[in-house]
Chemist: 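One structure follows; several queries about it will come next.
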Amino acid sequence: MGENSFILKGDLICSISRDELSLQPESFLVCIDGRSRGVFREIPEAFQGLPFRDFSGQMIIPGLCDLHTHAPQYAFRGLGMDLPLLDWLDTYAFPEEMRYSDLDYADRAYSQFVDALVKSPTTRVSIFATLHVPATVLLMEKLEASGLKGYVGKVSMDRSSPDYYREETAEDALSAMIGWLRSSRLQFRNFQPIITPRFTPSCTDDLMEMLGLAARETGARVQSHLSESPEEVEWVRSLCPRAGHYIDTYLQRGMLDPDRPSIMAHSVYSDEYERRIMRENNVFAAHCPQCNMNIASGMAPVRRWLDEGLQAGLGTDVAGGATLSLFRTMMEAKQVSSMVWRYQDHSLKPLTFEEVFYLATAGGGAFFGKTGSFQPGFELDALVLDETGLPSPRKLSLRERIERFAFLSGEQCVSHKFVSGRQLF
Ligand code: GUN
Ligand code: FE
């Protein structure tokens, strides 16, 4: 057994299903070679003698999984949330992302992003970079060294944005993407390249077609944005008159494939047809409630997604979202679901704590493989939580403690973090 074999003792919590938590106080989590062997009341005979870490009195939960965020936008998080999506992109996002042609700037900015991500509750993440290959490789080097795991996308975009931030032709965009994909597959283990057409308005039909072919040939996964705002959906309709729905602009170009899970961020306006295409093609919906509120996109009907069995998780979507904390995102997912019930449809009940916990752990975690749970065989990503800032005059149940902790927590509340059994801090 290697160095990633040990036992953690604490109050252990993980999802059993979409709407049920396993709550096991004062129990033992056995990790062998980076994977869980399960949670036990007593240390089983076979595992006696393993290194033992005693976190008695502290809660231990699976690491949180961020299905959607933009690394280069971290630099302007908390700024410029007064415009709707399309104006916001032109005014704030593109001018900032353009700076990553300068490697010195990228080095400073990406160091700050990766440092913050390591300290955050996130263990797995799928990231958009910029269209620049050197800066994207630099980001992947920093992430690889951090111990976190996930996917990074060099963004592909050859139309609609200003000249200063656009690839000149579809062929240029494709060859930059392929060169980066091939070399980064060899260079990195913890972070894999993911094909990333920014969204349909940013990609000509030719580029989308080439990226679809590249996905099929290389087996690489795909991430993008889908049906985020009304103006964007309308724009896609006029750009692609032959597509009945926004999702057809990806489907018809071979971007979606049931054998290759993909991520579509937002899906706020995805109707029954789009949600069916997503289910049939192993597409994960990344719910990004704070971004949807900040840039006035709308409210995603997540209750409906869950009822229909759509695969879904949470995304911070910095800098449309201002925070990297998925604990805050859990709270916002709950809040938005309450507004959906109030303003859209009384049959769509607000999400329960169990459901938002599931979305942040096992729900999003399924995109990365066996992650997001302490079930035997799952990669052991774990957070030890620090409750010292949350006193209570009465004794809380474990169920109350975790709900309160998640809903009240900002950034600085994780005391130890493990990814695949490796301790990051
Ligand atoms: N759609 C295309 N690009 C972006 C982006 O950077 N952020 C968000 N929220 N939506 C997008
Ligand atoms: Fe986004």
Side-chain angles (χ1 to χ4, degrees), residues 66-100 109 113 125-132 136 150-162 165-167 194-204 207-208 211 222-236 239 246-247 249-250 255 262-270 284-300 313-324 326 329 332 336 364:
D66 190 343
L67 284 187
H68 182 71
T69 206
H70 297 258
Q73 296 177 13
Y74 183 71
F76 74 98
R77 73 203 181 285
L79 297 172
M81 293 184 287
D82 50 352
L83 294 173
L85 173 65
L86 303 178
D87 299 327
W88 176 86
L89 284 171
D90 286 336
T91 309
Y92 301 114
F94 296 152
E96 177 63 27
E97 291 189 22
M98 188 238 347
R99 295 175 190 273
Y100 292 74
F113 168 74
V125 58
S126 193
I127 296 173
F128 278 52
T130 63
L131 57 71
H132 313 100
T136 303
Y151 293 85
V152 172
K154 172 226 164 312
V155 173
S156 297
M157 45 196 292
D158 71 337
R159 73 168 169 191
S160 305
S161 47
Y165 193 53
R166 175 158 41 85
E167 292 165 302
I194 182 166
I195 296 177
T196 305
R198 181 173 205 114
F199 66 158
T200 299
S202 292
C203 299
T204 58
L207 176 56
M208 203 67 95
L211 294 176
V222 170
Q223 63 179 355
S224 195
H225 295 92
L226 175 70
S227 296
E228 177 177 359
S229 87
E231 296 82 3
E232 172 213 20
V233 172
E234 206 41 57
W235 192 15
V236 170
L239 286 169
Y246 190 160
I247 200 165
T249 63
Y250 299 119
M255 305 297 297
S262 54
I263 298 172
M264 287 290 154
H266 306 297
S267 279
V268 173
Y269 296 95
S270 291
F284 283 68
H287 177 43
C288 309
Q290 190 181 127
C291 173
N292 295 157
M293 290 190 278
N294 288 344
I295 59 174
S297 297
M299 303 182 288
L314 300 181
T316 56
D317 202 3
V318 165
T323 175
L324 277 178
L326 282 163
T329 311
E332 291 145 5
V336 164

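Since the model is a prediction, treat every value here as computed from it, not as a measurement. As the structure lists them, so they are numbered: ligands from 1, and atoms in each ligand from 1. All values below were derived from every heavy atom in this structure, side-chain atoms included, with hydrogens, water molecules and symmetry-related copies excluded.
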Chemist: Over 60° means perpendicular and under 30° means parallel, so tell me whether F128 and H225 are parallel, tilted or perpendicular.
Modeler: tilted
Chemist: Hey, does H70 have a side-chain heavy atom less than 4.5 Å from the side chain of V155?
Modeler: no
Chemist: Give a yes/no answer: is there an N/O/S atom of H266 under 2.8 Å from the Fe ion (ligand 2)?
Modeler: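 For H266, the answer is no, given that no N, O or S atom comes within less than 2.8 Å of the Fe ion (ligand 2).
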Chemist: Among residues at least two apart in sequence or on other chains, which ones pass salt bridge (charged side-chain N to carboxylate O under 4.0 Å, His left out) with E228?
Modeler: none
Chemist: Could you please compute the angle at the Fe ion (ligand 2) from NE2 of H68 to OD1 of D317, rounded to 10°?
Modeler: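 Rounding to the nearest 10 degrees gives 90°.
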Chemist: Less than 4.5 Å apart, any side-chain heavy atom of H132 and any of Y165?
Modeler: yes
Chemist: Is there a donor-acceptor pair under 3.5 Å between the side chain of H68 and the backbone N or O of S126?
Modeler: no
Chemist: So L324 and F113, do their side chains get closer than 4.5 Å, heavy atoms only?
Modeler: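 F113 reaches L324 side chain to side chain.
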Chemist: Does H225 put an N, O or S atom under 2.8 Å from the Fe ion (ligand 2)?
Modeler: yes
Chemist: May I ask you to test the F199-L89 pair for a side-chain heavy-atom distance under 4.5 Å?
Modeler: yes
Chemist: Distance under 4.0 Å, heavy atoms only, partner ligand 1: which residues pass?
Modeler: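 Lining ligand 1 at under 4.0 Å, by heavy atoms, one finds H70, Q73, L85, W88, L89, R198, F199, H225, E228, H266, C291, D317.
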